[in-house]
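Please read all numbers here as calculations on a predicted model, not as lab measurements.
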Amino acid sequence: MDAVLVIDDYAVNDVSEYASIPIRFTVSKRMRVTETSGCIDLNPEPVTPWEKNYDSLKCETPFAWRKNWDTSNWRLWIARLGDIPIGGAVVAWDTPGLEMLSIRPDSSCLWDLRVVPEYRRQGIGQALFRRAASWSAAQGAKVMIVETQDINVPACHFYESNGCTLIGLNEYAYSPDLDETQLIWELPLVVSESLVNE
């Protein structure tokens with residue numbers, strides 16, 4: 001990357017630019033989830049490749065967020081190289097009725113994290129993740145909850161490598177035709193001067 005990466009934050013109002021950042025990937029593996037004596041193990045297994053696009057579900061796109069939730073306590077970040085949006089993250093905080101926040105009353109939720117495919121694995125997702133975590137800590141959250149699915153192996157590796165612990169799974173969270181298991185991760189938050197000032 002020759003241009004300087006800039007990350008700006010916004011209230012969740014106009015999400016048009018954010019929604020222009022794709023959130024699709026090729027599924028070539030899925031996590032085989034096993035539970036033994038209260039411990040959850042994840043082991044990637046190859047599958048016939050197919051394309052997953054989270055924004056193909058109209059009720060889940062960024063344009064649906066404000067229709068479905070009170071987003072007044074949410075925060076949105078967009079990472080840009082020059083004028084080009086190449087990544088984004090959204091955190092939900094203090095939102096009545098949001099099931100992910102009911103896991104712990106002192107939690108925030110990383111609602112969305114996306115990076116343009118050709119810019120992945122270059123530290124952009126990590127920079128956005130750290131920004132989301134530092135903002136959450138500054139609001140008073142003690143943990144940040146993260147949801148992904150067993151078909152998103154790169155996301156599982158990403159969250160684990162960034163300090164998250166897998167705390168739960170739900171085989172019945174989604175419509176049966178999706179054939180996906182919900183995985184819930186938790187990141188302990190510590191207010192750090194270096195994070196707050198990023």
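The closest side-chain heavy-atom distance from F129 to C164 is below 4.5 Å. Residues L76 and I78 have side chains in contact (heavy-atom distance under 4.5 Å, counting atoms from C-beta outward). Inter-residue side-chain proximity for W93 and L101 is flagged as unmet; no heavy-atom pair is nearer than 4.5 Å. For the pair S102/E99, a side-chain contact is recorded, criterion being any heavy-atom separation below 4.5 Å from C-beta on.
For the salt bridge (Lys or Arg N to Asp or Glu O under 4.0 Å) condition, the pairs that include at least one residue of residues 78-98, sequence neighbours left out, are D8-R80, E17-R80. Counting only residues at least two apart or in different chains, salt bridge (Lys or Arg N to Asp or Glu O under 4.0 Å) contacts with residues 144-157 comprise R30-D150. Applying the salt bridge (Lys or Arg N to Asp or Glu O under 4.0 Å) test to pairs two or more places apart or on separate chains, none has a residue in residues 154-168. Listed by first then second residue, pairs satisfying salt bridge (Lys or Arg N to Asp or Glu O under 4.0 Å) with a partner in residues 101-110 read R104-D106, R104-E186, not counting sequence neighbours.
In the model, W74 has a side-chain atom that pairs as donor or acceptor with a side-chain atom of T95 under 3.5 Å. A donor-acceptor pair shorter than 3.5 Å can be found between the side chains of Y174 and Q149.
Of all the heavy atoms in A89 and L128, the pair that sits closest is CB-CB, 4.0 Å. Shortest non-hydrogen contact noted between A11 and R75 is N-NH1, 3.3 Å. Closest approach of A173 to N170, counting heavy atoms only: N-OD1, 3.3 Å. The minimum heavy-atom distance linking P22 with R120 is given by the pair O-NH2, 3.9 Å.
In this structure, I145 is not a member of the same hydrophobic cluster as L98, with clusters built from ILVMFWY side-chain heavy atoms closer than 4.5 Å. In the hydrophobic clustering of this structure, I103 does not group with L187; members are Ile, Leu, Val, Met, Phe, Trp, Tyr whose side-chain heavy atoms approach within less than 4.5 Å, directly or through other members. In the hydrophobic clustering of ILVMFWY residues, with side-chain heavy atoms under 4.5 Å counting as a link, L178 and L183 come out apart. With hydrophobic clusters built from ILVMFWY side chains whose heavy atoms lie under 4.5 angstrom apart, I184 does not share a cluster with L189. Residues L169 and W185 share a hydrophobic cluster, clusters being chains of Ile/Leu/Val/Met/Phe/Trp/Tyr side chains in contact below 4.5 Å.
K142 contributes atom NZ, which lies 11.5 Å from atom OG of S108 (distance to the nearest 0.5 angstrom). The CE atom of M31 sits 12.0 Å away from the OG1 atom of T181 when rounded to the nearest 0.5 Å. For the atom pair NZ (K29) and CG (N152), the distance works out to 13.0 Å, reported to the nearest 0.5 Å. Distance check: R66 CZ to T71 OG1 gives 5.0 Å after rounding to the nearest 0.5 Å.
Q126 places no side-chain N or O within donor-acceptor distance of the main-chain N or O of Q122, the cut-off being under 3.5 Å. A distance-only check finds a donor-acceptor pair linking the side chain of Q139 to the backbone of W135 [under 3.5 Å].
Think of W50 as one node in a network of Ile, Leu, Val, Met, Phe, Trp and Tyr side chains linked at under 4.5 Å; its network also takes in I23, F25, V27, V47, Y54, I151.
Every side chain to side chain contact (heavy atoms under 4.5 Å, CB included) that N68 has, sequence neighbours left out, goes to A64. When the side chain to side chain donor-acceptor pair (under 3.5 Å) test is applied to T26, the partners found at least two apart in sequence or on another chain are E51. For D41, the side chain to side chain contact (heavy atoms under 4.5 Å, CB included) partners at least two apart in sequence or on another chain are T34, N43. I84 meets the side chain to side chain contact (heavy atoms under 4.5 Å, CB included) test with I86; sequence neighbours excluded. Annotation: side chain to side chain contact (heavy atoms under 4.5 Å, CB included) contacts of P188 (sequence neighbours excluded): none. In terms of the side chain to side chain donor-acceptor pair (under 3.5 Å) criterion, residue partners of S72 (sequence neighbours excluded) are, by chain and number, D70.
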Table please: side-chain donor-acceptor pairs of residues 109-117 below 3.5 Å, with sequence neighbours left out.
unit_1	atom_1	unit_2	atom_2	d
D112	OD1	R114	NH2	3.4
D112	OD2	Y18	OH	2.6
D112	OD2	R114	NE	2.7
D112	OD2	R114	NH2	3.4
R114	NH1	I21	O	2.8
R114	NH1	D55	OD2	2.8
R114	NH2	D55	OD1	3.2
R114	NH2	D55	OD2	3.4

### Task
Could you check K52 against E180 for side chain to side chain contact (heavy atoms under 4.5 Å, CB included), going step by step and ending with a plain yes or no?
CA-CA 11 Å; K52 173 71 176 184; E180 296 173 12; 2.8 Å; yes
